[in-house]
Amino acid sequence: MNATPFTFASWNINSIRARAHHVQDWLERHPECDLLCLQEIKCEDSQFPAVFAETGLHVATSGQKAYNGVALIGRRPFTVTHHTLPGFEHPSARYIETEIDGITIGNLYLPNGNSGGEDGYATKLAFFDALAARARVLLDAEKPFAFIGDFNVCPTSEDLASTSLPPDDALIRPESRAAFRRLEWMGLTDALRALYPTGRYYTFWDYQAAAFHRNSGLRIDHALLSPRLTERLKSFEIDKDERAKEKASDHVPVLVTV
DNA sequence: ATGACGCCGGAACGGCGA
């Protein structure tokens, strides 16, 4: 087994151009983070702030205009294996995958599923189907891997403040939770719950109605680990302090160390 | 409480987010 710790993190940044300084500051305060997975960069590849590459970091993006978009920022060079999720044909930039230090990491931004009616919701389930198919491929190859990012699902009733969502919201619909559980049944492990089986942990607080002040949050940013990576799991942290900052994203960073 | 807040595009305010 690899004795050197490896730390990877996920952060839905809600526009990288609006919050590049937060990411820079955060990376300076977290030298242990080898790879940062960003979601909702909300810009095209060419608009991603140059400051990261200019300061010696390694950047890969799967961007698009105005909406969605994912990116990887690494301390060391890495290889991008996929810029889209195989089998997910919808033209939104929601997945980028790398292999680094022998670990495959899929950085994902799942559709919210509340807009676009039943078609919009079907797109969310279609992403889950493609993700399960990708998991099958990686499991069969016996790769140590992780899916990390904004899953836009609260897996159980313990993963949201009781008044934060209406009962038919796409983040808590039974089909959404079943799709998440299906990945667990395939053998993937919800890294936070492996270490903290019970208790309320949130990664998102709405901008509205003083949600952070009231701790009316959601746990929707997750890391699902393959069996071989789960054996190596050392810690899972939620950087809640980031939410209290001026001009914060509505999501906070989560860190996994193996 | 189809609202609040905050991003984007494009230069006002609708679309989208969760």
Side-chain angles (χ1 to χ4, degrees), chain A residues 10-23 26 37-49 61-71 90-95 107-128 131 148-180 192 200-222 238 240 242-254:
Chain A
S10 172
W11 194 0
N12 180 322
I13 198 62
N14 186 20
S15 171
I16 187 61
R17 289 178 294 172
R19 279 177 260 283
H21 60 294
H22 282 326
V23 176
W26 188 87
C37 302
L38 296 171
Q39 303 89 36
E40 285 208 86
I41 63 172
K42 292 188 172 178
C43 67
E44 296 179 304
D45 297 337
S46 61
Q47 296 177 308
F48 195 87
T61 57
S62 184
Q64 75 177 80
K65 194 173 186 173
Y67 299 112
N68 311 314
V70 289
H90 196 268
S92 52
R94 295 180 176 276
Y95 189 81
N107 170 21
L108 63 95
Y109 174 49
L110 248 137
N112 172 302
N114 280 310
S115 63
E118 282 307 303
D119 285 349
Y121 187 65
T123 303
K124 178 175 196 152
L125 297 183
F127 191 102
F128 264 120
L131 198 60
I148 188 168
D150 178 359
F151 283 69
N152 266 321
V153 174
C154 305
T156 75
S157 60
E158 203 172 14
D159 298 312
L160 71 158
S162 59
T163 58
S164 52
L165 293 176
D168 58 345
D169 192 281
L171 277 63
I172 55 175
R173 270 174 72 161
E175 304 96 315
S176 304
R177 287 176 165 169
F180 188 85
L192 177 131
R200 295 192 175 270
Y201 300 90
Y202 304 139
T203 64
F204 166 94
W205 294 263
D206 201 292
Y207 289 118
Q208 304 183 55
F212 186 59
H213 178 71
R214 295 184 295 113
N215 196 27
S216 177
L218 313 173
R219 186 172 78 95
I220 52 178
D221 299 276
H222 310 297
I238 298 173
K240 184 175 179 180
E242 202 64 37
R243 186 65 182 82
K245 300 225 158 123
E246 198 73 24
K247 284 276 190 181
S249 170
D250 39 7
H251 297 248
V252 296
V254 301

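Residue numbers begin at 1 in each chain, while the letters A, B, ... track the order of the sequences. These values consider heavy atoms only, across backbone and side chains, with no hydrogens, waters or symmetry-generated copies.
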S.K.: Can you tell me, in whole Å, how much space there is between the P of B/dC13 and that of B/dA18?
M.R.: 26 Å

S.K.: Got a donor-acceptor contact below 3.5 angstrom from the A/Asn107 side chain to the A/Leu38 backbone?
M.R.: yes

S.K.: If you compare every side-chain N and O of A/Arg19 against the phosphate oxygens of B/dC7 (OP1, OP2), does one of them come in below 4.0 Å?
M.R.: yes

S.K.: Can you check the distance between B/dG10 and B/dG6, where both ends of the measurement are the P atom (answer in whole Å)?
M.R.: 23 Å

S.K.: Which value, rounded to the nearest 0.5 Å, describes the distance between A/Cys43 atom SG and A/Lys65 atom NZ?
M.R.: 12.0 Å

S.K.: Under the 3.5 angstrom rule, does the side chain of A/His22 hit a backbone N or O of A/Glu246 as a donor-acceptor pair?
M.R.: yes

S.K.: The criterion is salt bridge (charged side-chain N to carboxylate O under 4.0 Å, His left out); which residues satisfy it with A/Asp159, sequence neighbours excluded?
M.R.: A/Arg193, A/Arg219

S.K.: Is the A/Phe128 ring parallel, tilted or perpendicular to the A/Phe151 ring (thresholds 30°, 60°)?
M.R.: tilted

S.K.: In whole Å, what is the span from the CD atom of A/Glu246 to the P atom of B/dC5?
M.R.: 14 Å

S.K.: Considering only the C1' atoms, how many Å lie between B/dA12 and B/dC8, rounded to the nearest integer?
M.R.: 13 Å

S.K.: Figure out the NE2/P separation between A/His22 and B/dG6, and round it to whole Å.
M.R.: 12 Å

S.K.: Looking for any heavy atom pair under 4.0 Å, which part of the strands does A/Arg219 touch: base, sugar-phosphate only, or nothing?
M.R.: nothing

S.K.: Please figure out whether A/Ala248 or A/Gln47 has its closest DNA chain B nucleotide nearer the 5' end.
M.R.: A/Ala248

S.K.: Using the P atom as the reference point in each nucleotide, state the distance between B/dC16 and B/dA1 in Å, no decimals.
M.R.: 23 Å

S.K.: Check step by step if salt bridge (Lys or Arg N to Asp or Glu O under 4.0 Å) holds for A/Arg173 and A/Glu118.
M.R.: CA-CA 12 Å; A/Arg173 270 174 72 161; A/Glu118 282 307 303; 3.2 Å; yes

S.K.: Using a 4.0 Å cut-off on protein heavy atoms (strictly under), produce a 5'-to-3' string for nucleotides 12-18 of chain B with B for base contact, S for backbone-only sugar-phosphate contact, and - for none.
M.R.: ---BSSB

